[in-house]
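The structure under discussion appears below in the form of structure tokens.
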Amino acid sequence: MVVLFLLLPPAAAAPSLSAVDVQPAIPWLGTPVTLQVACADPQGVAVVFADTAGPGILLPRLNFTLLGGDYQLAIPSSYLYKTGPYQANVTCVSTQGDNASAPASWTVSVLEGQVRSIQPSPAFVGDVLTIGFFALRDGQALTQDVAFQVTLNGQPAPLLQPPPFDLLQGWLLQVTSPVQAGSYTVAVAASYAGASVMNSSALSLGKPLEFSLRSAGPSPLTAGQNLTLTLLATDRGVPILPAASQLAVSVNGQQAEILRIAPGPQVTVRPPALAPGSYPVEVTLQYGNGSYTDSRSVAYALAVSGEFLDRDGDPLGVELRFAANGTVTSLSTDSEGAYRGSVAPGRYTLTLLHDDAEITWKDVDIAEFEDPLRYLPLPDGTVPGLELAALYHMEAALDFGEVELELGYDDSRGLVESDLTVFHCKDWNAAKRACLGSWAAILPQVDIVKNQVTFTSRALGAFAVGAQKAVHVDFSLDREVYKLGDVVKVSGVVLDEANRPVDGVAVALEVTGEAIRASGVSGANGVIAFEFAPPDREGAFEVVLTPAKPPYLATGGSQGFSVIKTRGVYALVPDVVRLSPGERRAFTFSLSNTGQAPLMDVELVITGVPEGYVSINTPLISRLEPGEEQRIEVTFALPTDAPVQTYSAKFIARSGDARTEGIFALTVQEPAAPVEEKQDAPAFSLPAFSLPAFPSFSFPSLGFAVGGNEGDIALLLGVGAAAFVLALVIRRRKPVPPSAILRDLKREVRGG
């Protein structure tokens, strides 16, 4: 017999899995849940996961993490967003594929709280407040293990005793009320099993005895009127009707007589007589063991009166409105243009209404009101410089902050309404119907449908609505080009758009880009004139004249002019230069810059003499400053065969457009004859002598411009020769030295 043994693998064993621990024991809405389980297998654990379902939701499969020997899974609060029961099936899988499962369950709860009541109601200072509060878990009242904290307006209010639970009112929390009456927020915080909840309610806390003066009127009070006071008087909310003996009333410290006390309570008193103004009314109540006082202000009426008339004394239909604190008092003129009434002293918005005009004064302090307003439309008025559409004059003897004006205008005058402007004159003479000051422009809002302009101002006077006329200056300069140091003369006339002269126009002069300013006023026939020194440098400039006479629309004008520096040169030369043939001699000529600008590259030449007779040591001067004088050496060298004659010569200096000519005579004279020795001559006989050769000499000259008269030179030479001959024939009384003869000759040549 043969026995066969079959070897089979051992039977597989499932992993060991402990019960699932759920933390926290009471999960609250908005908190995560942690599952913890122990799982083991000899072959090893591959994975631990949980399949979870809640109230109407399925969670995705979530894997556990091995931590400290156990497997843990934190389910986020975002998955637990519903209250109610949750179940999880936790599965442990071995590496061989074997598995074991264990269930887990929990309930997500919510904690709620609600203040159901606060007693007593109404509550008063000094009361013990009982707050009924329900703490609910999933809608079920919690009756144990709940902790509380109470605050009033954020300040802790300690509980007077451990609170009991009332089935109808919830937990009864008792605290002491605040010592001040007023409105409070009562907040209760409840804590249970790691969760907290807060709920609050409003509390109005009154005084045990309420007393106040709620109103006092009428205000303003007119003469003979009684004063009615409305009181609030309660004892723990119960109205009090005091007796006259319990009340005292005073106005501005003066006792008022109590005439009647009615339910409400309303108290009628006879006030003391006081001047117009605002005064305190004080009421005192004696009640129980206490005294209670309150006060208000009451106004004594101010008489209001005045009138509005046109220029002919006829009445104007005007309405005045006094507005303050939501109350409007309206007064209108009667058939004679007068108005009368009363208002309380104080600050008002005051409005005047008449036909097409509405004028509103803001923040008017009214302490008296005896005809302080003047209002006058001037439909036939005129204003120089304006095509008028309307003209008004108004004044107010009142203190005010700002006035808003809505003024109508006449659109039948053919004006372009978009061009309308308002001009204001503070200094208006009503008798002359003229502005004694100046007109200031105001940019208004123009309503072409209502034919109305609207604007604001801080002052009154005259207001003109219209289109501006134009004014300009027609002027000229006496020259176009000026030298340094000259005077610029400006003359002109101020004209309107019809080219009619306009006087009294302020005209401002300025030179563009320069610190040259002047001002003047056009005189009769609009004439205006200025004189000023031009800029102290060369260049092209512009003079601008700007007229100004509001409300004219002014247009400025300009003219150009130039400033130059003068360029001049002056030569000083001898009148006559005398030389003998073969003689060579140097003479000094002089050259001066008589202009205002430096001369550059001054060229010097001499004309009118044969070539080679003369040479200039410095024929070119590179620079000659204004006022500078420079001496020039001129050398004359005559050949031995030079003919005896006189040449008319010119010394010419030129630099650009500056030029001068000095004219002189070059005389080639006979060689001097030797002087012979003479014996004694008979008495009264003329001495025989020969005239020694005179040395060369020169005379100062003013210089001659180009084109000078050469006949003048010939005349001078002729006079000199005649004088010389005359000296020879005069009877000799005593010897005359040559120097004297030379002096006389010079005198003759110079004309005496």
Side-chain angles (χ1 to χ4, degrees), residues 22-34 54-57 75-86 105-210 234-238:
V22 180
Q23 294 294 332
I26 302 178
W28 298 103
L29 188 67
T31 60
V33 170
T34 300
I57 57 175
I75 302 177
S77 60
S78 58
Y79 285 145
L80 309 174
Y81 59 90
K82 287 186 177 181
T83 59
Y86 287 76
S105 63
W106 64 92
T107 298
V108 175
S109 297
V110 62
L111 182 65
E112 298 173 304
Q114 184 180 19
V115 176
R116 288 287 182 88
S117 63
I118 300 177
Q119 298 294 331
S121 180
F124 300 94
V125 173
D127 287 344
V128 173
L129 304 178
T130 300
I131 306 165
F133 185 86
F134 274 97
L136 307 171
R137 176 186 176 186
D138 299 333
Q140 299 296 315
L142 297 173
T143 60
Q144 294 182 355
D145 302 326
V146 183
F148 299 97
Q149 184 177 17
V150 179
T151 59
L152 297 174
N153 281 357
Q155 299 298 317
L159 297 179
L160 298 179
Q161 62 181 20
F165 182 81
D166 185 278
L167 294 177
L168 298 179
Q169 301 180 67
W171 296 93
L172 301 180
L173 310 174
Q174 290 189 332
V175 296
T176 301
S177 70
V179 297
Q180 296 290 335
S183 297
Y184 291 85
T185 297
V186 179
V188 178
S191 301
Y192 175 77
S196 297
V197 67
M198 177 177 286
N199 190 242
S200 62
S201 182
L203 170 67
S204 180
L205 192 65
K207 297 178 182 178
L209 192 138
E210 289 280 355
T234 60
D235 185 358
R236 297 190 65 83
V238 179

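Note that these values count all heavy atoms, side chains included, but never hydrogens, waters or copies made by symmetry.
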Original post:
Heavy atoms, side chains only, cut-off 4.5 Å: are Val188 and Val150 in contact?
Top reply: yes
Original post:
Under a 4.5 Å cut-off applied to non-hydrogen side-chain atoms, are Pro85 and Val108 in contact?
Top reply: no
Original post:
For Leu159 and Val175, what are the C-alpha separation, side-chain angles and deciding distance, and is it a side chain to side chain contact (heavy atoms under 4.5 Å, CB included)?
Top reply: CA-CA 5 Å; Leu159 297 179; Val175 296; 4.1 Å; yes
Subject >> Taking every non-hydrogen atom, the tightest pair across Gly113 and Phe133 >> reply: CA-CZ, 3.6 Å
**OP:** Would you name the heavy atoms of Phe134 and Asp166 that are closest together and state the gap between them?
**Re:** CZ-O, 4.1 Å
**OP:** For the residue pair Thr130 and Gln169, establish whether any side-chain heavy-atom pair is separated by less than 4.5 Å.
**Re:** no
Original post:
Would you say Ser196 and Ser191 make side-chain contact, with heavy atoms under 4.5 Å?
Top reply: yes
Original post:
Taking all non-hydrogen atoms of both residues, which atom of Thr176 and which atom of Leu152 are closest, and how far apart?
Top reply: O-CD1, 4.1 Å
Original post:
Which heavy atom of Ile57 sits nearest a heavy atom of Tyr79, and at what distance?
Top reply: CD1-O, 3.6 Å
**OP:** For the residue pair Trp106 and Leu80, establish whether any side-chain heavy-atom pair is separated by less than 4.5 Å.
**Re:** yes
Original post:
Pro32 versus Ile75: any side-chain heavy-atom pair under 4.5 Å?
Top reply: no
**OP:** For Lys207 and Phe124, work out which heavy atoms get closest and say how close.
**Re:** O-CD2, 3.1 Å
Subject >> Distance in Å, Leu129 CG paired with Ser121 OG, rounded so as to fall on 0.5 Å steps >> reply: 10.5 Å
Original post:
Does a donor on one side chain sit under 3.5 Å from an acceptor on the other, for Ser77 and Thr31?
Top reply: no
**OP:** State whether the side chain of Ser177 and the backbone N or O of Asp127 hold a donor-acceptor pair below 3.5 Å, judged by distance alone.
**Re:** yes
Original post:
Got Pro55 and Tyr86 here, is their nearest side-chain heavy-atom distance under 4.5 Å?
Top reply: yes
Subject >> Heavy-atom closest contact (Leu142 atom, Phe165 atom, distance) >> reply: O-CE1, 3.9 Å
